[in-house]
Amino acid sequence: MSAESRPAPLTVRELCARLKVTPPAGHEDTLLTGINTLEAATEQEVAYVQKERFVDAARDSKAGLLIAAQGLPLDRSNVVYLKDVMDGVLTVLEHFHPSPAARAFVHPTAVIASSAQLGNDVFIGPQVTVGERARIGDRCRIEAQSVVGDDCELGEGCLLHPRVTLMHGTRVGRRVILHSGSVIGADGFRYEATRGRLCKIPQVGIVVLEDDVEVGANSTIDRAGLSETRIGARTKIDNLVHIAHNVTIGSDCIIVAQVGIAGSTKVGRGVMIAGQTGIADYVTIGDRVRIGGRSGVYQNIPSGSEVIGSPAIPVKDWMRFVRFYKQFSQYWEKMKGFLGTRD
Amino acid sequence: MSAESRPAPLTVRELCARLKVTPPAGHEDTLLTGINTLEAATEQEVAYVQKERFVDAARDSKAGLLIAAQGLPLDRSNVVYLKDVMDGVLTVLEHFHPSPAARAFVHPTAVIASSAQLGNDVFIGPQVTVGERARIGDRCRIEAQSVVGDDCELGEGCLLHPRVTLMHGTRVGRRVILHSGSVIGADGFRYEATRGRLCKIPQVGIVVLEDDVEVGANSTIDRAGLSETRIGARTKIDNLVHIAHNVTIGSDCIIVAQVGIAGSTKVGRGVMIAGQTGIADYVTIGDRVRIGGRSGVYQNIPSGSEVIGSPAIPVKDWMRFVRFYKQFSQYWEKMKGFLGTRD
Amino acid sequence: MSAESRPAPLTVRELCARLKVTPPAGHEDTLLTGINTLEAATEQEVAYVQKERFVDAARDSKAGLLIAAQGLPLDRSNVVYLKDVMDGVLTVLEHFHPSPAARAFVHPTAVIASSAQLGNDVFIGPQVTVGERARIGDRCRIEAQSVVGDDCELGEGCLLHPRVTLMHGTRVGRRVILHSGSVIGADGFRYEATRGRLCKIPQVGIVVLEDDVEVGANSTIDRAGLSETRIGARTKIDNLVHIAHNVTIGSDCIIVAQVGIAGSTKVGRGVMIAGQTGIADYVTIGDRVRIGGRSGVYQNIPSGSEVIGSPAIPVKDWMRFVRFYKQFSQYWEKMKGFLGTRD
């Protein structure tokens with residue numbers, strides 16, 4: 001957001017009108033210029049508190065207005081209580097940090113193939129490359145130095161941050177967000193022993209990202225060997241994640257940073273995979289599965305399960321084992337006698 | 001591959017001639033336009049089946065022609081059986097998805113230093129930067145927005161996908177493939193306490209990639225402090241792999257996604273390192289070692305070993321331990337009495 | 001460093017004058033052209049030896065001059081012994097591999113917003129993008145194809161290698177080094193259930209990198225939701241590291257490759273985090289903590305602790321457990337009888 005186009009300040013009264021609540025008495029005319037954390041907010045800023053454990057910080061906050069979850073004991077007057085705090089926070093963010101309005105613009109340094117098609121109000125930043133026959137939907141925004149390969153298709157309202165690569169043939173739905181450095185559609189990793197050596201098997205499938213997918217910085221999603229690697233609608237992928245060829249991920253999943261998913265694995269809908277977890281190839285993960293951080297998944301996981309560990313096991317079994325592991329030094333005195341070792 | 005230059009369809013008869021097999025009776029004139037998976041193939045596409053476990057999918061496939069491993073019971077007529085399925089699949093892929101022909105081309109937006117030397121039929125895409133004294137061999141293809149630093153050398157027939165960085169002095173053999181976002185030759189990570197603080201030690205060595213190496217998207221291979229970091233011929237490296245300074249990797253290795261290899265470690269020939277494994281610094285890994293996924297290797301591993309786990313131990317020992325770990329909750333009832341704990 | 005501008009050779013006499021030591025008798029006139037490893041050094045090159053375990057290699061080295069730690073038994077004449085070997089090595093490196101001198105230069109292909117401010121002697125390479133109101137301090141060097149977003153601030157003497165992304169509003173101190181592919185200031189990963197679906201929470205904070213920070217190739221540091229993600233002075237971050245939104249890292253830390261640190265975690269000063277370790281969100285790590293490689297940290301760690309493992313426990317407890325794990329197969333014979341299992 002530009003410093004010059006910074007949105008107008010709002011009084012508490014005006015902001016509360018947007019939040020559809022009564023302004024706190026005596027604070028109606030306080031002027032608000034932005035939103036910040038409880039600790040950093042000034043008297044001209046809004047802050048918010050959603051959870052009990054932040055109540056002390058909320059009491060001490062200098063914020064000019066607090067948005068708080070109903071029932072929190074805050075003991076201060078410049079507070080509005082909301083049933084859905086995050087709805088209110090989004091309203092505030094949307095005022096003070098609006099998304100750039102869509103507009104038709106092509107930077108003169110961009111290289112756009114003559115057969116490429118740009119929709120209405122498409123923004124193309126400096127030094128972007130758009131390949132042959134690429135189709136870019138209305139209101140897409142392609143930031144500096146991104147590469148959109150030949151035959152790519154982007155639905156309306158997509159945002160490519162700077163330095164994104166879409167390899168040829170990638171199909172992207174609507175309102176997809178790709179962060180800087182992400183690489184969508186590089187070759188899958190497959191070699192086969194034939195013709196007297198290990199041969200690279202050409203990877204001629206594509207990647208499909210459905211509507212509202214988001215992919216984090218420097219993550220990689222490989223194209224399929226044949227057919228598709230597919231990421232379901234509304235699935236959110238964090239930074240430095242690796243998704244191999246022919247993987248299928250359902251809708252509404254959350255995949256945290258540095259996760260790796262090996263080839264041909266199928267992940268269901270609404271799955272949560274915490275950071276640094278790895279999933280082996282040809283595995284099936286059911287719907288609504290939750291996988292803890294740093295897990296290693298080598299086998300199918302039925303829908304609704306909650307697992308963790310490497311190899312991944314049910315959470316309560318893992319917690320039982322971990323208590324043993326953490327206390328092991330004190331158990332060892334007895335165990336070593338039984339095991340007949342002096343080590 | 002461009003939609004407009006799509007290769008001509010082939011009849012089953014023509015394709016079988018290329019595969020050097022007799023076409024299946026009654027299907028000789030079926031027209032084939034491409035290759036696809038068993039599930040996705042249409043009646044105008046080839047599919048293939050190599051393993052018993054895909055026989056059901058092969059029977060149900062709508063493919064116009066199946067290439068199958070000898071001995072699979074497929075119970076359908078439009079099949080050709082091959083001794084080496086992947087050889088046949090490669091033949092099909094090479095017809096329908098040919099590599100772009102080498103041609104001399106320099107995009108007008110590329111910035112090529114005057115002292116750089118380009119071989120014959122070198123392709124330089126949009127917004128590429130080629131540094132001083134760089135030498136690029138015949139038939140290399142440098143895609144959009146890659147950076148080839150000063151004094152780099154590339155052998156013939158290399159392919160740099162979009163947005164690759166070769167830092168200065170990198171030496172690349174013949175037919176090397178580097179995927180988008182890979183960074184070859186960034187500084188190694190070394191700091192030493194001297195002069196009253198932690199000082200960065202300049203990294204003045206180089207990276208050498210021998211013939212036929214492939215490096216995946218967003219992987220990083222650091223330059224040596226002095227002398228070389230070296231990746232042996234035909235070694236294949238997947239996405240998001242980190243290889244530190246002064247590492248030496250032999251020929252014909254397979255290094256799967258998100259592996260990390262710390263400084264000065266030596267990896268032998270024909271080694272397989274599965275995903276997310278980490279290897280400590282100053283370790284020596286022998287030839288033909290196989291290291292399972294998510295392993296932690298802190299010690300030398302003799303040639304021919306197969307290890308897994310963190311720390312890595314022989315596979316059968318790890319499997320023994322893992323059975324205990326998975327059953328631990330049920331063992332605990334007995335163990336806790338013995339160990340005198342109520343926890 | 002360019003081949004043409006290669007620094008002049010030095011005699012052993014001249015080099016020893018710089019090192020402030022007496023040249024070894026009989027070798028004063030040997031001409032030295034560079035520095036290399038013990039194994040690769042020629043008679044025209046310097047090498048160095050700091051540790052006992054490299055004494056054999058040092059004896060066999062062909063180097064024209066050895067810089068050695070005092071007290072090492074080397075049994076050769078062309079050696080100078082230094083109390084601080086690395087100080088001497090830095091002196092040699094600074095002569096043979098000088099940093100490029102700062103100079104004012106803007107490549108004609110760079111796109112610099114009219115409201116951006118460049119200090120004195122700023123170097124801007126090919127195809128760089130610099131956004132609106134960005135301020136770039138004296139003697140900064142921005143290499144090819146880097147993107148400096150709107151409202152970024154860089155202190156004096158920073159070095160951005162090729163293909164770095166600084167997202168809008170990032171604040172960078174003095175002498176910061178960012179390696180190729182690093183992405184500073186991408187959105188943090190936060191979604192909340194509101195308005196009937198999982199909503200992206202706009203990330204409107206910034207990243208602050210204090211003086212002398214270094215960030216490795218393809219690492220990612222996310223902007224804060226509100227306020228700041230902050231990396232303390234002199235902290236060094238290796239390749240492919242992920243640092244999430246709102247993380248605070250103190251000064252003088254070392255963070256090795258492929259580490260991941262989740263949101264809002266606080267890391268103290270002088271902390272060492274070895275490779276592939278993950279730290280959960282909302283954790284506090286004290287000062288001078290050392291965390292071993294491949295650890296999983298889920299809880300606060302007090303200052304001065306040394307931990308390893310996943311979950312991380314004190315090093316001596318982990319080593320006790322690991323001895324058991326490595327010997328487990330031989331213990332199992334006794335254990336399985338006690339546990340009443342035949343498995």
Side-chain angles (χ1 to χ4, degrees), chain B residues 109 111 127 129 132-133 145 147 149-151 163 165 167-169 181 183 186-187 189 191-195 197-202 204-205 218-220 222 224-228 240 242 244 246 258 260 262 276 278 280 296 298 309-311 313 316-317 320-321 323-324 327 331 334-335 338, chain C residues 1-4 34-37 39-41 47 84-87 89-90 93-94 96-97 99 107 109 125-127 143-145 161-163 177 179-181 214 216-218 234 236 238-240 252 254 256-258 274-276 293-294 310 322 325-326 328-329 332 335 338-341 343:
Chain B
T109 59
V111 174
Q127 294 146 338
T129 302
E132 298 291 347
R133 295 169 304 283
Q145 303 186 19
V147 176
D150 294 347
D151 300 294
R163 295 206 309 102
T165 301
M167 295 298 293
H168 64 276
V183 176
D187 283 352
F189 191 69
Y191 305 89
E192 292 277 342
T194 181
R195 300 180 178 182
R197 61 182 205 284
L198 206 65
C199 288
K200 175 177 174 70
I201 306 302
V204 304
N218 285 347
S219 287
T220 64
D222 280 355
L226 304 166
S227 81
E228 301 173 353
L240 291 168
H242 167 64
N246 309 306
Q258 295 176 318
Q276 295 189 333
Y298 301 91
S310 189
I313 54 179
K316 71 172 178 20
D317 292 337
R320 179 65 271 168
F321 179 80
R323 278 196 298 275
F324 169 72
Q327 305 292 323
Y331 297 148
K334 284 209 171 172
M335 286 178 72
F338 172 78
Chain C
M1 198 197 57
S2 104
E4 275 154 31
I35 177 167
N36 214 328
T37 57
E39 295 76 11
D84 183 344
V85 167
M86 290 317 298
D87 181 25
V89 169
L90 279 176
L93 283 165
E94 285 158 1
F96 289 116
H97 301 273
S99 301
H107 196 279
T109 58
Q127 294 145 340
E143 302 273 8
Q145 301 185 20
H161 284 281
R163 296 206 308 101
I177 300 173
H179 287 283
S180 187
E214 184 165 351
N218 285 347
R234 297 175 299 283
K236 311 300 186 186
D238 200 351
N239 296 353
L240 292 167
D252 301 291
I254 294 283
V256 181
Q258 295 176 319
Q276 295 188 335
R294 300 186 58 72
S310 188
V322 162
Y325 153 88
K326 286 184 168 177
F328 183 80
S329 286
W332 181 243
M335 288 177 72
F338 173 78
L339 294 170
T341 178
D343 182 15

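Each chain gets a letter, A, B and so on, in the order its sequence line appears, and its residues count up from 1. Note that the structure is a prediction, hence the values are computed from the model and not measured.
Among the candidates B:Ala224, B:Gly260, B:Gly309, the residue making the largest number of heavy-atom pairs closer than 4.5 Å to chain C is B:Gly260. Among the candidates B:Pro311, B:Gly181, B:Ser227, the residue making the largest number of heavy-atom pairs closer than 4.5 Å to chain C is B:Pro311. Taking B:Leu226, B:Thr109, B:Leu198 one by one and counting their heavy-atom pairs under 4.5 Å with chain C, the maximum is reached by B:Leu226. The greatest number of non-hydrogen atom pairs below 4.5 Å with chain C, out of B:Asn246, B:Ile201, B:Val111, is found for B:Val111. When the candidates B:Ala244, B:Pro202, B:Cys199 are compared by the number of heavy-atom contacts under 4.5 Å with chain C, B:Pro202 comes out ahead. Taking chain C as the reference chain and counting heavy-atom pairs below 4.5 Å, the highest number among B:Arg197, B:Met167, B:Gln276, B:Gln127 is found for B:Gln127.
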(request) Take C:Met335 and B:Phe324 through the side-chain contact (heavy atoms from CB on, under 4.5 Å) test and state the conclusion after the steps. (result) CA-CA 10 Å; C:Met335 288 177 72; B:Phe324 169 72; 3.7 Å; yes
(message) One pair to check against side-chain contact (heavy atoms from CB on, under 4.5 Å): B:Phe189 and C:Ile254. What are the steps and the verdict?
(response) CA-CA 10 Å; B:Phe189 191 69; C:Ile254 294 283; 3.7 Å; yes
(message) Run the side-chain contact (heavy atoms from CB on, under 4.5 Å) test on C:Val85 and B:Glu192 for me, step by step, so that the C-alpha distance in whole Å, both residues' side-chain angles and the decisive distance to 0.1 Å come before the verdict.
(response) CA-CA 10 Å; C:Val85 167; B:Glu192 292 277 342; over 6 Å; no
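Between C:Leu240 and B:Leu240, the closest side-chain pair of non-hydrogen atoms falls below 4.5 Å. Taking the side chain as every heavy atom from C-beta outward, C:His179 and B:Val183 never approach each other to under 4.5 Å. Counting heavy atoms from C-beta outward, B:Val204 and C:Phe96 have side chains that stay 4.5 Å or more apart. By the 4.5 Å heavy-atom criterion applied to side chains, B:Tyr298 and C:Arg294 are counted as neighbours.
Using a 30° and 60° split on the angle between ring planes, B:Tyr331 and C:Trp332 fall in the tilted class, from 30° to 60°.
Side-chain contact check for C:Gln145 and B:Thr129: at least one donor-acceptor pair (N or O, by modelled atom type) lies under 3.5 Å. Checking B:Thr194 against C:Asp84 by side-chain atom types alone, a donor-acceptor pair falls below 3.5 Å. Checked by atom type, the side-chain pair B:Thr165/C:Arg163 shows a donor-acceptor distance below 3.5 Å.
Judged as a salt bridge (charged side-chain N to carboxylate O under 4.0 Å, His left out), and not counting sequence neighbours, B:Asp317 has no contacts.
For C:Leu90, the parts lying under 4.5 angstrom from a heavy atom of chain B are both the backbone and the side chain. Contact of B:Tyr191 with chain C is made through the side chain alone, with heavy-atom distances under 4.5 Å.
From C:Tyr325, atom OH reaches atom CZ of B:Arg320 across 14.0 Å, with rounding to the nearest 0.5 Å.
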